[in-house]
Amino acid sequence: MPRYYCVAEGCSSDSRKRGRYGFMADVEFFPFPSSKHPKVRRKWLELLRRRDFEPSRHDRICSMHFVDGQPTQDHPYPELFRYNNFKCSLGNRGTSSIEKRSLQQAANNINNKVTSHQENEHRPTQATATDILLVDEDYAYREQLFPFPVNKEITVQSIPAVEPTATPSDHDYCSYGNEKAHPQTCNAECQTNLTLQDMEKSEAELLQLRETFRDKDDLKRYLLVDKMTDSDSSVKSYFGLPSVVTLFGIFAILDNLTPTLAYWKGGSGVYNATPENPSKKTGPNRKLTRFHEFLVTLLRLRLALPTFVIADIFGISCTRVSQIFVTWVNYMNVVFSPLLKRPSAKCMKKFLPKCFKSVFPKTTCIIDCTEFFIERPSTPTAQSRTYSSYKQKNTFKALVAVSPSGAFMFISNLWGGNVSDRYITEHCGFLNIVKPGDEVMADRGFLIRDLLLERRATLNIPPFTKKCSWGKGKHLTAHDVLKTKKIAKLRIHVERAIGRLKNYKILSHTIPLKIKPLCNQIVKVCAFLSNCQEPLVK
């Protein structure tokens, strides 16, 4: 026997339930009209309200959705569904039931009044004008409900009102003087604990919200910023900072240092501008707040979003995005570059990781060179100067030095990719921070021992292979192998720090040549932001 079920939304009618549930005993299932009756079929589907639903030959609608229990000439369509509370439409519903309920309610009211007067026939009552009006208003309904005459008369007598007597009180606090004790009453129409100041404050906040959300760009910007700064995980994903507190702390430093930050205009713009009002920013008015501009800069650094994407997100032009980015990168470089410095000897000794104490306790820094991919220049000279034989691409190269705990303490300016590590170390200014007695750890390619000896410092690099005494080739002795392992185990932390630096996608992606003047500032700003994270080595 085929099994049928109702396809109406919220209906659980199933032909298998007939033998188990009593309410399913008389339920029938009706198929959809065939394609020979397209109008009726379309009407059924419209009333069913299921989007993109095309019934098959096994789909059915049960009789519980029809007014007459089945399709009839008066009600050929299913009209009883959950969305209309299983009631037929007003156009198809008669008014006889409504009239019947009204008449029944009126009859009940009259019967209650007649019964009440019959019980109090011999007892004089004090009638009110409201009772008499109710009886008169129900007279028309009484004529309809009782075609036979009602012989019972209602006697209404008026008696003089009796003044209430004072109730004797047992205690003095029940009354005060000659006045009678009355219950304390109050107006219950409006009861609230809000004061006038609270209401005025609420109105001001409402007006402020209306002004804020009047523009769709403002609303979109507000919701996006709220989403990006609502948790530590969001801040770490969008901006590369460990927590919300760190984000707002860095912005507070920048905001307090220069409250009148002007947009960058190049070498002849900001520095030569002298505003008449020192407390007011020169140049065009800001559409974004300073905090939003700070977030725009961090988004560009962390995610390397294109300019037009950030412009659409914050509701500003692409030109303004570039202007904001250049301004804040230069400003952050001026503020944060001096903080990339060598720690004091006392501080370095106090926070020296355990892995260094047992093997190389005098290590002050670990150095290495890193490269950043750039677009290929158009001129042959620039191509040859930036081409890296190691990366097989055009790159910028920089020397970085990290402390034993993994924090950046020196970042050199960028050089072309074909420059050697020794040349960069000698001319970038790193040797100026080396002090007598320091131990510098580096890779095997840094042949700078003579440069460090001039400053009475030591270089720790993995040992080179030696020529075999028993034949051709080179090899490492057992002692050299152990030393190489110890140095490699500790030198890996500079690679981890460089990896943390390149988590800012603007440095890991190919750098466009149009931001070449900002590359030095970008690298140093990203290095400072990397130092704001937790230490790499503990």
Side-chain angles (χ1 to χ4, degrees), residues 333 337-338 340-342 363-403 407-465 484 487-488 490-499 501-502 507-508 510-511 513 515-527 530:
N333 176 63
S337 289
L340 297 174
K341 61 181 182 179
R342 170 184 172 142
T363 302
T364 56
C365 64
I366 311 172
I367 63 173
D368 196 6
C369 283
T370 182
E371 299 184 61
F372 309 101
F373 297 131
I374 63 170
E375 293 179 349
R376 189 174 67 175
S378 58
T379 60
T381 304
Q383 290 180 16
S384 63
R385 290 180 178 177
T386 59
Y387 185 78
S388 172
S389 58
Y390 177 66
K391 297 291 185 180
Q392 301 294 322
K393 285 186 178 181
N394 296 94
T395 62
F396 284 151
K397 183 184 286 189
L399 176 71
V400 301
V402 300
S403 64
F408 289 100
M409 54 184 290
F410 178 82
I411 299 286
S412 71
N413 290 331
L414 297 178
W415 298 73
N418 67 338
V419 182
S420 65
D421 297 344
R422 176 186 171 89
Y423 186 87
I424 296 176
T425 307
E426 185 177 1
H427 296 87
C428 70
F430 166 72
L431 298 177
N432 297 331
I433 68 172
V434 177
K435 297 181 179 180
D438 289 347
E439 287 187 3
V440 179
M441 186 174 291
D443 196 9
R444 188 179 284 114
F446 281 85
L447 305 177
I448 57 173
R449 191 180 300 274
D450 56 332
L451 300 177
L452 294 177
L453 286 176
E454 295 177 359
R455 289 163 173 79
R456 292 180 292 176
T458 308
L459 177 65
N460 286 326
I461 61 173
F464 290 94
T465 56
T484 300
I487 294 177
L490 299 178
R491 200 195 66 81
I492 193 63
H493 297 310
V494 70
E495 302 289 350
R496 296 174 61 200
I498 293 173
L501 176 66
K502 290 187 177 180
L507 298 178
S508 61
T510 301
I511 301 175
L513 291 178
I515 64 171
K516 182 181 66 173
L518 290 174
C519 288
N520 287 321
Q521 296 90 315
I522 289 173
V523 173
K524 293 179 181 179
V525 169
C526 293
S530 300

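Worth saying up front: this structure is predicted, and the values here are computed from it rather than measured. Residue numbers count from 1 along this sequence.
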Checklist line | Residue list, side chain to side chain contact (heavy atoms under 4.5 Å, CB included) with Pro463, at least two apart or on another chain | finding: Asp480, Lys483, Thr484

Check: What is the minimum heavy-atom distance between Ile487 and Pro462, and which atoms define it?
Finding: CD1-N, 3.8 Å

Item checked: Val494/Met441 under side-chain contact (heavy atoms from CB on, under 4.5 Å): CA gap, chis, key distance, verdict -> CA-CA 10 Å; Val494 70; Met441 186 174 291; over 6 Å; no

Checklist line | Close side-chain approach of Val440 and Leu452, heavy atoms under 4.5 Å | finding: yes

Margin query: Could you report the tightest heavy-atom contact between Ala527 and Leu501, atom names first, then the distance?
Written below: N-CD1, 3.5 Å

Next item on the list: Please name all residues satisfying side chain to side chain donor-acceptor pair (under 3.5 Å) with Asp368, sequence neighbours left out, ordered by chain then number.
Entry: none

Note to self: Can you list everything that forms a side chain to side chain donor-acceptor pair (under 3.5 Å) with Asn520? Sequence neighbours excluded, please.
What the structure shows: none

Item checked: Over all atoms of both residues, closest heavy-atom pair of Ser337 and Asn333 -> OG-OD1, 2.5 Å

Checklist line | Contacts of Arg444 that satisfy side chain to side chain donor-acceptor pair (under 3.5 Å) - sequence neighbours left out | finding: none

Check: So which heavy atom on Asp450 is nearest to which on Leu447, and how close?
Finding: OD1-O, 4.0 Å

Next item on the list: Answer whether the closest heavy-atom distance between the side chains of Glu454 and Leu431 falls below 4.5 Å.
Entry: no

Check: Under the salt bridge (Lys or Arg N to Asp or Glu O under 4.0 Å) test, which residues partner Glu426, sequence neighbours left out?
Finding: none

Note to self: Under a 3.5 Å threshold, yes or no: a donor from one side chain and an acceptor from the other, between Thr510 and Lys393?
What the structure shows: no

Note to self: side-chain contact (heavy atoms from CB on, under 4.5 Å), that's the test. Do Ile511 and Ile522 meet it? Break it down for me.
What the structure shows: CA-CA 11 Å; Ile511 301 175; Ile522 289 173; over 6 Å; no

Notebook entry, point to check: Residues in side chain to side chain donor-acceptor pair (under 3.5 Å) with Ser530, at least two apart?
Noted result: none

Next item on the list: Check Tyr423 against Val419 and note the closest heavy-atom contact, atom names and distance.
Entry: CD2-CG1, 3.4 Å

Next item on the list: Please name all residues satisfying side chain to side chain contact (heavy atoms under 4.5 Å, CB included) with Asp421, sequence neighbours left out, ordered by chain then number.
Entry: Cys369, Lys397, Phe446

Extract all donor-acceptor atom pairs below 3.5 Å that involve side chains of residues 408-418 and protein atoms in other chains or at least two apart in sequence.
{"unit_1": "Ser412", "atom_1": "OG", "unit_2": "Leu399", "atom_2": "N", "d": "2.8"}
{"unit_1": "Ser412", "atom_1": "OG", "unit_2": "Leu399", "atom_2": "O", "d": "3.4"}
{"unit_1": "Asn413", "atom_1": "OD1", "unit_2": "Lys524", "atom_2": "NZ", "d": "3.2"}
{"unit_1": "Trp415", "atom_1": "NE1", "unit_2": "Asn413", "atom_2": "O", "d": "3.3"}
{"unit_1": "Asn418", "atom_1": "ND2", "unit_2": "Ser384", "atom_2": "O", "d": "3.2"}

Check: Got a sec, which residues hit side chain to side chain contact (heavy atoms under 4.5 Å, CB included) with Arg456, two or more places apart in sequence or on another chain?
Finding: Pro436

Anything under 3.5 Å between a donor and an acceptor, one on a side chain of residues 374-383, the other on a protein residue two or more places apart or in another chain? List them.
{"unit_1": "Glu375", "atom_1": "OE1", "unit_2": "Leu513", "atom_2": "N", "d": "3.4"}
{"unit_1": "Thr379", "atom_1": "OG1", "unit_2": "Ala382", "atom_2": "N", "d": "3.4"}
{"unit_1": "Gln383", "atom_1": "NE2", "unit_2": "Pro377", "atom_2": "O", "d": "2.7"}

Next item on the list: For residues 427-443, pull every pair meeting side-chain hydrogen bond (donor to acceptor under 3.5 Å, both in side chains), keeping only residues two or more places apart or in separate chains.
Entry: Arg342-Asp438, Glu439-Asn460

Checklist line | Pairs touching residues 368-401 that satisfy ring pair (Phe, Tyr, Trp, His ring centres under 6.0 Å), sequence neighbours left out | finding: none

